[in-house]
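Here is the structure we will look at.
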Amino acid sequence: MDLSYGEGAETFRREVRSFLKGAWQPGERRKDELKAFIRDFRTKATDAGYLYRAIPKQYGGSEQPADVVKAQVIREEFARARAPMEIGGNGMSMLVPTLLEKGTPEQKDMFIRQTMSGDMMWGQGYSEPATGSDLASVRTRAELVGDEWVINGQKIWTSQGDRATHMFGLFRTEPNASKHGGISYLMLDLNQPGVTRRPIRQMTGEAGFYEFFFDNARTPASWIVGERGDGWNVSRTTLKHERASIGSADALGGTFRKLVELAQEMEIDGQPAIKDAKVRDALTKIEGWVMAHRYSSFRLFSLAAAQEQPGLVGLMMKLLLTETGHEMALLAQELIGDHALIEPASAGTRGRGPEKWLDQIMGTLGNSIAGGTTNIQRNIIAERGLGLPRDLAMEADK
Amino acid sequence: MRFHPTEEQLAIQDALKGTLEDAMPRERLEKIVNGGGDFDRESWNALMALGLGGLALPESVGGAGLGLVDLAMGIEVLGQGGVVGPVLQHCLAGLALNLADDADARETWLGKIASGETVATVAFGGNWLPDSWAVTVAGGKASGVIGFVPGADAADLILVGTQGGGLALIEKGAGVVVEAVQSADRTRRLSAVTFDGAPASVLFEPGDARIARIFDAALVLTSADALGGAQYCLDLSVAYAKEREQFGVAIGRFQALKHQLAQMALEVEPARALMWYAAYAWDSQQDDAARAAAMAKAHIADRYVSVARAAVAAHGGIGYTWEYSLNTWFRRSLFDRAYLGSPTVHRARAADLAGW
């Protein structure tokens, strides 16, 4: 076992650090100036081979060979310098890899650059009100009329739906084909007549998701990715490029450190809660899980760097995150006591008192649903990880 | 950077696992569980012939010169196989002796521990933590009683915790009386050992920084045994769920059972990296090595008991019977949880070490 990155990586780290020292000096700038500066910085960082590494040069990327260790060093150094990485979101994480693998040359030219620049912001259109985990049961229809798809139906749970300019998603194009065989992967412009967007207010009080209604909305026939009816397979395309990251290793660590601080601030019987034996035991119990998660992230990173498969542990990181998040939320609830009676969004208290933990407490409930519910995560671990037979209903569906 | 096992480490695991399976067939293990003594010479010899005793000892004494990470990975598969006797303590005694300055003791014993010719064990005493160790040594003679010593009956050599937290080496013979305790874990029998003027050589005085390191290594190795045991309980339950039928289908199709097994896997698999880290931190003497050892022992021992319980539940009635071997591993989980101090004790230590 060796947790050092090696001499080659450290040399590379010095290069990145020296680049950042020269190129990232944001200083005091007006908002619009800062925006232009960041745009310029991203271009320089791409030219240097640090950003958009998986994207070919002809589409504006830096086209670097996959190297998870270098990618990790870049993430660490950019985070240290507080420099911006790639533009995030569904467009970069899901659509662009899909286009690179399955898109036409015209589609790559038309969409990749604009997604990288942030001019096109993408909402994901997979979920519908009745689909849930049965993603292939989408009903929203797209019918080819002349040289356009005409779309009718509803999509839901689109994150950042307020800012999205476009959507990619799954649409039923062959109503008479089989459940999995009748779906196509389409892109469409969201700023057109026939598209209505509506925020969904969630239990925290915020609106993090939107739903979209389509009433004869239109998209060009050529905005289909892959073959007609092959959308199910297209949607499962993922580019295995520098995906492993121990940047996420501290996903729980940050919250845990805040929980420790909370226990230091709050009092029980006139002394800091963290001096209480029960609180200390509860904290260290949770920390056992936090450490198991952190070092498992190291393990996954190490496997990825050696180009080996992640195996069982790779399937369980999300569930581990969710479950440990719940444990932290429960302890936080205990520690804040009466502050749990205060609505954090009320009277401008957001982000100040201990009641701000309510967002965290409710947020962990969101984790247990987003990206596959906890029940589905357990099915995946049992079936793909432990090799147990598939659910009867799902087998019948095939 | 490499934070997953090397080919060599996996080969060591395979060899140890295969050797234990061959030397300790199920009927033999059952015989031992049903009252066949506290030591098994055949499996001991087979494991020692593979080099287990010297895995983490220098090549100069016939060892392999590897680290605690490698030894812990070895102990893990032996925990999975339900190894009999003081294997962990023997290896730990070797590690401790190798850290000592006493050239005579090293010369006399290290080679014999590496080969397994001498059987060694470790007797800490008190409430397990070094401060509570209580055997006194005066004029080279040891006096006192230590309860719950694994493998004392078979051992030739005992590494003994002394008053205030030191360690002395005592050869079994005159002045050493071993009395068996009916222990819950029948694969690792315990004894109470009385020292009454037994000749002892002091290896480490109280306060020696190496004492903490030896105790940390004991915690790491115990967590490795627990991890392996939990893995066995999971594997056995998964195999059972695939083969046992109810209502005309394998019970592993039922979501409730699937989720229970997924939960068990969630307890076992991520804990592996925690155990590795604790061993790695020990080998490379990281600042957080003591804390990582305490956390690994507390967390993984808890996981073992939890997974062993779930395994019994997943099996239904058969899991609760004496004949079905699962209870052997359930008992081992109780041993690993209590041995060297409970999870609560080590979590409290970890909180102290964090400066909370």
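A, B, ... follow the sequence lines: proteins, then strands. Residue 1 opens every chain.
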Report task. Measure up the A:Trp289 and B:His299 rings against each other and bin them: parallel (under 30°), tilted (30 to 60°), perpendicular (over 60°). Result ->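 Plane angle over 60°, so perpendicular.
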Query raised in the report: What is the ring orientation for A:Phe256 with B:Trp356, classed by angle as parallel under 30°, tilted 30 to 60°, or perpendicular over 60°?
Result: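 Ring orientation of A:Phe256 relative to B:Trp356: tilted.
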May I ask you to name which of [options] has the most heavy-atom pairs under 4.5 Å with chain B?
options: A:Leu319, A:Leu320, A:Asp281, A:Ile274; value: A:Asp281
options: A:Ala277, A:Ala306, A:Ala292; value: A:Ala292
options: A:Ala9, A:Gly311, A:Gly387, A:Ala263; value: A:Gly387
options: A:Leu283, A:Leu315, A:Val313, A:Leu303; value: A:Leu303

Side-chain contact, heavy-atom cut-off 4.5 Å: [X] with [Y]?
X: B:Tyr277; Y: A:Arg294; answer: no
X: A:Glu287; Y: B:Arg291; answer: yes
X: B:Gln263; Y: A:Ile381; answer: no
X: A:Asn379; Y: B:His259; answer: yes
X: B:Phe3; Y: A:Tyr295; answer: yes
X: A:Leu388; Y: B:Arg253; answer: no

**Report entry** Sole residue of A:Leu386, A:Asp391, A:Asn375 in side-chain contact (heavy atoms from CB on, under 4.5 Å) with B:Lys258
**Finding:**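 Among A:Leu386, A:Asp391, A:Asn375, the one meeting side-chain contact (heavy atoms from CB on, under 4.5 Å) with B:Lys258 is A:Asp391.
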Query raised in the report: Looking at B:Leu68, B:Val69, B:Asp283, which hits side-chain contact (heavy atoms from CB on, under 4.5 Å) with A:Met1?
Result: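 Of all the options given, the one that passes is B:Val69.
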Report task. Name the region of A:Val260, side chain, backbone, both or neither, that has any atom closer than 4.5 Å to a heavy atom of chain B. Result ->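 It is the side chain, since no backbone atom gets that close.
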**Report entry** Part of A:Gln377 within contact of chain B (heavy atom distance under 4.5 Å)
**Finding:**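 The answer is neither part of A:Gln377.
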Query - Trace of the side chain to side chain contact (heavy atoms under 4.5 Å, CB included) decision for B:Asp352 with A:Arg280 - result: CA-CA 9 Å; B:Asp352 291 342; A:Arg280 291 162 84 80; 2.5 Å; yes
Query raised in the report: Any salt bridge (charged side-chain N to carboxylate O under 4.0 Å, His left out) pairs touching residues 224-240 of chain B, not counting sequence neighbours?
Result: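 Counting only pairs at least two positions apart or across chains, the salt bridge (charged side-chain N to carboxylate O under 4.0 Å, His left out) contacts touching residues 224-240 of chain B are B:Arg188-B:Asp225, B:Asp225-B:Arg332.
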Query raised in the report: Is there any ring pair (Phe, Tyr, Trp, His ring centres under 6.0 Å) pair reaching into residues 214-233 of chain B, and which pairs are they, with sequence neighbours excluded?
Result: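 Counting only pairs at least two positions apart or across chains, the ring pair (Phe, Tyr, Trp, His ring centres under 6.0 Å) contacts touching residues 214-233 of chain B are B:Phe124-B:Phe215, B:Tyr232-B:Trp329.
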Report task. Heavy-atom pairs under 4.5 Å with chain A are the metric here; pick the option from B:Thr6, B:Leu261, B:Asp302, B:Val249 that has the most. Result ->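 Of the candidates given, the most pairs with chain A belong to B:Leu261.
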Answer yes or no: are there more than 12 heavy-atom neighbours, outside [X] itself, under 6.0 Å from its atom [atom1]?
X: B:Lys242; atom1: NZ; result: yes
X: B:Arg309; atom1: CZ; result: no
X: B:Gln9; atom1: CD; result: yes

Tell me the closest heavy-atom pair linking [X] and [Y], and the distance in Å.
X: A:Arg378; Y: B:Ala262; value: O-CB, 3.5 Å
X: A:Asp2; Y: B:Tyr280; value: CA-CE1, 4.0 Å
X: B:Ala351; Y: A:Thr284; value: N-CG2, 4.0 Å

Report task. For residues 251-279 of chain A, pull every pair meeting side chain to side chain donor-acceptor pair (under 3.5 Å), keeping only residues two or more places apart or in separate chains. Result ->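 For residues 251-279 of chain A, and leaving out neighbouring residues, the side chain to side chain donor-acceptor pair (under 3.5 Å) pairs sorted by first residue read A:Asp250-A:Arg257.
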Requested in this report: For chain A, find its close neighbours in residues 265-272 of chain B: heavy-atom separation under 4.5 Å, sorted by number, or none.
Outcome: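 Listed by number: B:Ala265, B:Leu266, B:Glu267, B:Glu269, B:Pro270, B:Ala271, B:Arg272.
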